Amino acid sequence: MAETPTVEELTRNAHLRQEIEAQIIKRFAPEDEALRETLAAQKRAGLPEIQISPIQGRFLQVLAAACNAKKILEIGALGGYSGIWLARSLPAGGKLITLELDQKHAEVVRAAFARAGVADRAEVRVGAAINSLPTLQSEAPFDLIFIDADKGGYPAYLEWAIKLARQGSIIVADNCVRFGRPFQEPPPDADNAGVATYNQQIASNPHLRSILLPNDDDGMDGFAVSVVV
Ligand code: SAH
Ligand code: DHB
Ligand code: MG
């Protein structure tokens with residue numbers, strides 16, 4: 001058994017991880033003025049700072065390239081930060097649809113998309129995702145689907161994501177590690193129970209090849225990534 005690390009060692013490791021992450025962001029995932037202003041506008045509007053990280057934004061762009069994404073669906077827009085990363089991965093004529101429950105959030109998102117110059121290809125639709133999803137069937141298939149809304153809804157969003165996908169589509173869900181709480185038996189609350197069911201479904205569905213990917217920064221949360229096979 002390894003010895004328990006000291007507080008000093010843990011602090012040094014945390015600083016080292018942060019420095020490494022900063023170097024990765026600088027080289028692979030730098031934020032431009034539009035992304036920085038999106039975060040500032042989100043804060044001014046009183047929205048929570050719960051957007052994805054730059055590394056996750058770039059990772060979504062890598063996945064978009066891997067599945068040749070021309071149509072992308074997002075569930076949970078917040079202030080448009082992840083939406084801008086996604087929209088920027090699209091070729092000319094591509095389309096991002098992002099579903100958002102909160103009208104006020106949606107207005108912040110529209111302003112962010114306009115400022116970032118992606119309003120021609122990125123559209124926010126207001127309402128509970130579970131009501132919007134059935135209306136998207138005529139616009140399917142989506143090549144990339146990013147789930148990042150209410151965690152209790154994840155199992156239902158997965159069912160819709162599969163319905164709205166094609167072979168080779170990639171389905172990503174944020175917040176699927178959650179300090180390991182979804183692995184507890186039983187999960188401690190409804191959000192963690194929703195994510196636990198999501199994780200179980202993507203692990204066992206023979207039409208999906210999936211993995212949970214803990215974040216590099218602290219490993220306490222992370223993406224679930226599934227490819228429709
Ligand atoms: N993807 C964003 C963060 C999303 S935060 C980013 O990384 O920038 C989660 C968002 O989901 C919030 O804006 C919240 O209002 C929205 N949301 C919560 N419940 C929802 C529902 N039932 N349908 C659609 N959106 C929902
Ligand atoms: C919360 C939601 C998220 O999607 C996230 O990435 C972090 C936190 C939240 O609802 O608190
Ligand atoms: Mg999230």
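One-based numbering, in listed order, for ligands and for the atoms of each. Computed from a predicted model, the values in this text were never measured in an experiment.
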Does any N or O in the side chain of Gln167 come within less than 3.5 Å of the main-chain N or O of Val228, such that one atom is a donor and the other an acceptor? no
Is the shortest heavy-atom distance from the side chain of Ile170 to the side chain of Ile145 under 4.5 Å? no
Pick from Glu100, Glu74, Arg125: the one approaching atom 10 (C) of ligand 1 most closely through a non-hydrogen atom: Glu100
Quick one, Leu208 and Leu158 - any side-chain contact, counting heavy atoms below 4.5 Å? yes
For the Mg ion (ligand 3), protein N, O or S atoms at a distance below 2.8 Å amount to 3
Among Tyr157, Phe142, Trp160, find the one that has a side chain to side chain contact (heavy atoms under 4.5 Å, CB included) with Leu73. Phe142
So which of Asp174, Leu101, Asp150, Ile75 gets nearest to atom 22 (N) of ligand 1, if we judge by its closest heavy atom? Asp150
Give the atoms of ligand 1, by number and element, whose distance to some non-hydrogen atom of Leu78 is under 4.0 Å. 2 (C), 3 (C), 4 (C), 5 (S), 13 (O)
Exceeds 12 heavy-atom contacts within 6.0 angstrom, atom CZ of Arg209: no
Do Gln51 and ligand 1 have an N or O pair less than 3.5 Å apart? no
Closer than 4.0 angstrom: is that true for some heavy atom of Ala128 and an atom of ligand 1? yes
Could Glu107 and Arg110 be called an ion pair, given the rule that one side-chain N must be under 4.0 Å from one carboxylate O? no
To check your reading of the model: name the closest protein heavy atom to atom 3 (C) of ligand 1, its residue, and the distance in Å. Asp148 OD2, 3.2 Å
For Asp189, does the CG atom have more than 12 heavy-atom neighbours from other residues, nucleotides or ligands under 6.0 Å away? yes
Going by the 4.0 angstrom heavy-atom rule, the piece of His105 near ligand 1 is side chain
Just by distance, with hydrogens left out, do Lys151 and Asn192 show a side-chain donor and acceptor under 3.5 Å apart? no
Side chain, backbone, both or neither: which part of Ala77 comes within less than 4.0 Å of ligand 1 when only heavy atoms are counted? backbone
Within the structure, does Asp102 bring an N/O atom to less than 3.5 angstrom of an N/O atom in ligand 1? no
For atom 11 (O) of ligand 1, state which one of Gly152, Pro48, Gly76 supplies the nearest heavy atom. Gly76
Is there a nitrogen or oxygen of Ile52 sitting under 3.5 Å from a nitrogen or oxygen of ligand 1? yes
Do the charged groups of Lys70 and Asp143 touch, with an N to O distance under 4.0 Å? no
With a 4.0 Å cut-off on heavy atoms, does Gly80 reach ligand 1? no
Between Thr98 and Ile72, is there a side-chain heavy-atom distance shorter than 4.5 Å? no
Go through the side-chain N and O atoms of Gln42 and Gln51 and say whether any donor and acceptor fall under 3.5 Å apart. yes
In ligand 1, which numbered atoms sit nearer than 4.0 Å to a non-hydrogen atom of Gly127? 23 (N), 24 (C)
Any heavy atom of Trp85 sitting closer than 4.0 Å to ligand 1? no
Could you say whether the N/O atoms of Ala149 and ligand 1 ever approach to under 3.5 Å? no
Less than 6.0 angstrom separating the ring centers of Phe146 and Phe223, yes or no? yes
Considering only NZ, NE, NH1 and NH2 on the basic side and carboxylate oxygens on the acidic side, decide whether Glu37 and Arg44 come within less than 4.0 Å. yes
Option of least heavy-atom distance to atom 6 (C) of ligand 1 (set: Gly153, Ala106, Ser82, Gly79): Ser82
For atom 23 (N) of ligand 1, what is the nearest protein heavy atom, given as residue, atom name and distance? Ala129 N, 2.9 Å
First-shell residues of ligand 2 [heavy atom, distance under 4.0 Å]: Ile50, Asp148, Lys151, Asp174, Asn175
Would you say Gln184 and Arg181 are linked by a side-chain donor-acceptor pair, where the criterion is simply a distance under 3.5 Å? no
Please determine, by modelled atom types, if Asp221 and Asn215 share a side-chain donor-acceptor pair under 3.5 angstrom. no
In a table with atom names and distances, give each donor-acceptor pair under 3.5 Å that connects a side chain of residues 83-93 to protein atoms at least two apart or in another chain.
from	atom 1	to	atom 2	distance (Å)
Trp85	NE1	Tyr81	OH	3.4
Arg88	NH1	Asp32	OD1	3.3
Arg88	NH1	Asp32	OD2	3.1
Arg88	NH2	Asp32	OD2	2.7
Ser89	OG	Leu86	O	2.6

With heavy-atom distances below 4.0 Å as the criterion, list the atoms of ligand 1 near Tyr157. 21 (C), 22 (N)
Write out all pairs satisfying side-chain hydrogen bond (donor to acceptor under 3.5 Å, both in side chains) with one or both partners inside residues 111-125, taking only residues at least two apart or from two chains. Lys95-Glu123, Glu123-Arg125, Arg125-Glu139
A quick test of your reading: do over 12 heavy atoms of other residues, nucleotides or ligands sit less than 6.0 Å from NZ of Lys163? yes
